J.: 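Would you mind keeping the following structure in view while I ask a few things?
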Amino acid sequence: MEKILSAEDVVVKFTLRGETLTAIRGVSLDLHRGESLAIVGESGSGKSVFTKTFMGMLDPNGWVDSGRILYKGHDLARYKTERQWLGIRGREIAMVFQDPMTSLNPLKTVGHQILETVELHRSVRRAEARRLSMDILRDVGISDPEKRYNQYPHEFSGGMRQRVVIAVAIACNPNVLICDEPTTALDVTIQAQILQLLHSLQEKYGLTIVYITHDLGVVANVADRVAVMYAGDVIECGLCEEIFYNPQHPYTWALLSSLPQLGVKGEPLFAIRGTPPNLHSEIKGDAFAPRNPYALEIDFIRRPPCFQVSPTHRARTWLLDPRAPRVTPPAPIARSRKLWMEKKMEKMKEQDRDAR
Amino acid sequence: MFAYTIKRLLQSLVTLAVLATAVFLMMRLMPEEGYFGEGFDRLDQVQIEAALTQMGLRDPLPTQLCRYLSNLLRGDLGRSIVFRPQVPISEIIAPKIPYSVYFGLASIAISLIIGLPMGVMMARFKGRTPDLLGSGYVVLVKAVAPAVCYIFLQLYLSSWLRIPMLFNVRRPLSWILPVLCMSLGNVANYAMWMRRYMVDELNRDYIRFARAKGMSNSKIMTRHVLRNAFVPMAQLLPTSILLTISGSIYVESLFSIPGMGGLLVNAIQRQDNTLVQALVLIFSCVGILGLFLGDVFMAMVDPRIKLDKRSGAR
């Protein structure tokens, strides 16, 4: 598959009250054309910060310290001036933010905000831009666009506003769309509709979508691939089913075990003990080690390398080292892994039979 | 929008009625000496009572209030007692108004031209030199009592620049100092408000979103930030402008400008009860009118207000 964007060993640092802290600790991640990639992780794991580096949207006290972000042959990590970024923002990579209630200018009509974006990126006449805006409004599922076009954001409900926000992002005609928690602020019933909408737009406009979320339900619904982040690092990355059915990193195990659906009825819900590491102090070894019941001695000393589990699946844990002792993952994980293996075997047998 | 304006207008009228009554009642608490001109000392108790009864001041309070309010409705502000005995107050005030208005307009023009861009620059370069210089100016003007500022300006600038210390109709140069003094505070206010509301807007999510869709900073500033920061400004400016135009009490008496503000000081000093009553009422009306206009302008620039049933909730 064609790589559209490729981050290599990206390190992001911030200065905060005179101290320097490392928010992203050498992340490498590829984005393939036309796929949906979900980046999951708890608050503060750096998922938003990481994607902000693609658009030069870091807060003024943050910077990309080292690493490369390759997009269409350009290294975005070297970009400095506003002029350079204006060639990327919206035009190539667009972003949808979490809260639709505050993402729109309350004093301008919805139509104007889309029109403004269309005119920013396409050199078309006013009438043509207006027609395009109207089409986009219809594409994001807003009925009666002629009337809605001249209304203000406060006349829209939350879900409708998120549709408008998506319309503005689409109006840029980008290749990549980054959705930063696109459904977190919405009703559960609306969430599914918005995800559905994003999926249909992805096909129509040929988008590559990056979802940033901490909701594993959203991930399971939309993602082709999943990257799990912890303490500023991608600790596991693979196809959606690989992450859900055959996770390798103890943090991914813990994350999945915390899903109420995977728990056993009558038993207390699983929670990960402890807190994420403090970014002020340097992290030694595996960042998850202090909270990890499966931690090995080496986990506290050296940072694990990335082990390739399958061509599409890699994880950063010493447990995958050939010298590591064999451990049994928590019960729910072991169960789903077993199911998945059986299914896989059956499939292979079927293929065998078909081949014969 | 229309309904909103009517509603605000009615509210203002109610406020005005309450205010007129309050002014009236407060004036009844003033020493009765103020209803007599010179020669009060020579009157005995009987004469005083007779005079007060003749003026209607011994009638029951409700009767007096009704008479006062109905006179007001006919535009009759009463007659001066001490300042220029028996001359209708409207005649005393009329020639004073142009001075206050001219000085006010000159000062407003200067304050807007300097203050607003100053605030914009402070917001644009927040935390850097222009912002620090501007903030220094604002703090200085706001912290030092105006009286001190004005007297320093009057004393030092007049000798350095060799311009007249007091106002003189025939010498245009004598306009400079009073206008400058009146503008000091307004420039600081406008710059402070503008900076504050622009910084407020700059931190909003939709600005981040506008940046993410590839809009340049300068376009964001002019199309989104400036435009939106004008909503609160539209509410604040009318009051400030009207109050400046209606005359600065201190500056006018300091530079002996024959305007409305100076007149109020004079009337209070000489205990002319009816004149004070009329002037206080006029200044209050201007204030209420300013608030009303502010709300209407805000409704014009902010679409959210038109539909909001609980108007003015913002």
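Values below: all heavy atoms of this structure, side chains included; hydrogens, waters and symmetry mates excluded. On a predicted model such as this, the values are computed, not experimentally measured, just so you know. Proteins get letters first, then strands, A, B, ... in listed order; numbering begins at 1 in each.
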J.: Determine the minimum heavy-atom distance between A:Val168 and B:Phe209, stating which atoms define it.
T.: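 That closest heavy-atom pairing would be CG1-CE2, 3.6 Å.
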J.: Would you mind telling me which of A:Thr102, A:Ile93, A:Asn105 has the largest number of heavy-atom pairs within less than 4.5 Å of chain B?
T.: A:Asn105
J.: Taking all non-hydrogen atoms of both residues, which atom of B:Gly214 and which atom of A:Leu86 are closest, and how far apart?
T.: O-CD2, 3.5 Å
J.: State, with a plain yes or no, whether a side-chain heavy atom of B:Asp302 is found less than 4.5 Å away from one of A:Leu107.
T.: yes
J.: Does a side-chain heavy-atom distance below 4.5 Å link B:Lys213 with A:Arg89?
T.: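 Result no, sub-4.5 Å side-chain heavy-atom pair not found.
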J.: Please determine, by modelled atom types, if B:His224 and A:Glu116 share a side-chain donor-acceptor pair under 3.5 angstrom.
T.: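 Yes, A:Glu116 and B:His224 have a side-chain donor paired with an acceptor closer than 3.5 Å.
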J.: Between B:Pro303 and A:Pro106, which heavy-atom pair has the shortest distance, and what is it?
T.: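 B:Pro303 and A:Pro106 have their closest heavy atoms at CG-O, 3.8 Å.
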J.: Can you check whether B:Tyr206 reaches A:Pro153 side chain to side chain, under 4.5 Å on heavy atoms?
T.: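 No, their side chains stay 4.5 Å or more apart.
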J.: Below 4.5 Å, heavy-atom pairs only: which of A:Ala171, A:Gly90, A:Cys172, A:Pro174 has the largest tally toward chain B?
T.: A:Gly90
J.: So does B:Ser216 get a backbone contact from the side chain of A:Glu82, meaning a donor-acceptor N/O pair under 3.5 Å?
T.: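 The answer is no, because no donor-acceptor pair under 3.5 Å joins these two groups.
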J.: Between A:Thr117 and B:Met215, is any pair of side-chain heavy atoms under 4.5 Å apart?
T.: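 SC-SC contact between A:Thr117 and B:Met215 ruled out.
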J.: With a sphere of 6.0 Å drawn around NE2 of A:His199, does it hold more than 12 non-hydrogen atoms of other residues, nucleotides or ligands?
T.: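 Not buried by this count: 12 neighbours or fewer within 6.0 Å.
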J.: So, do B:Lys219 and A:Leu120 sit near enough that their side-chain heavy atoms are less than 4.5 Å apart?
T.: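 Of all side-chain heavy-atom pairs linking A:Leu120 with B:Lys219, at least one is under 4.5 Å.
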J.: Is it the case that over 12 heavy atoms from other parts of the model lie below 6.0 angstrom from the OH atom of B:Tyr102?
T.: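 Not buried by this count: 12 neighbours or fewer within 6.0 Å.
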J.: Restricting to non-hydrogen atoms, name the atom on A:Met95 and the atom on B:Ala212 that form the minimum distance, rounded to 0.1 Å.
T.: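 Answer, listing the atom of A:Met95 first, then B:Ala212: CB-CB, 4.2 Å.
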J.: Any chance OH of A:Tyr205 has more than 12 other-residue heavy atoms, nucleotides or ligands included, within less than 6.0 Å?
T.: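 Yes, enclosed.
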J.: Honestly, is B:Arg208 close enough over A:Phe97, meaning NZ or CZ under 6.0 Å from the six-membered ring centre and within 45° of the axis?
T.: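 B:Arg208 over A:Phe97 ring: yes.
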J.: Out of A:Arg91, A:Lys108, A:Met55, which one racks up the most heavy-atom pairs below 4.5 Å with chain B?
T.: A:Lys108
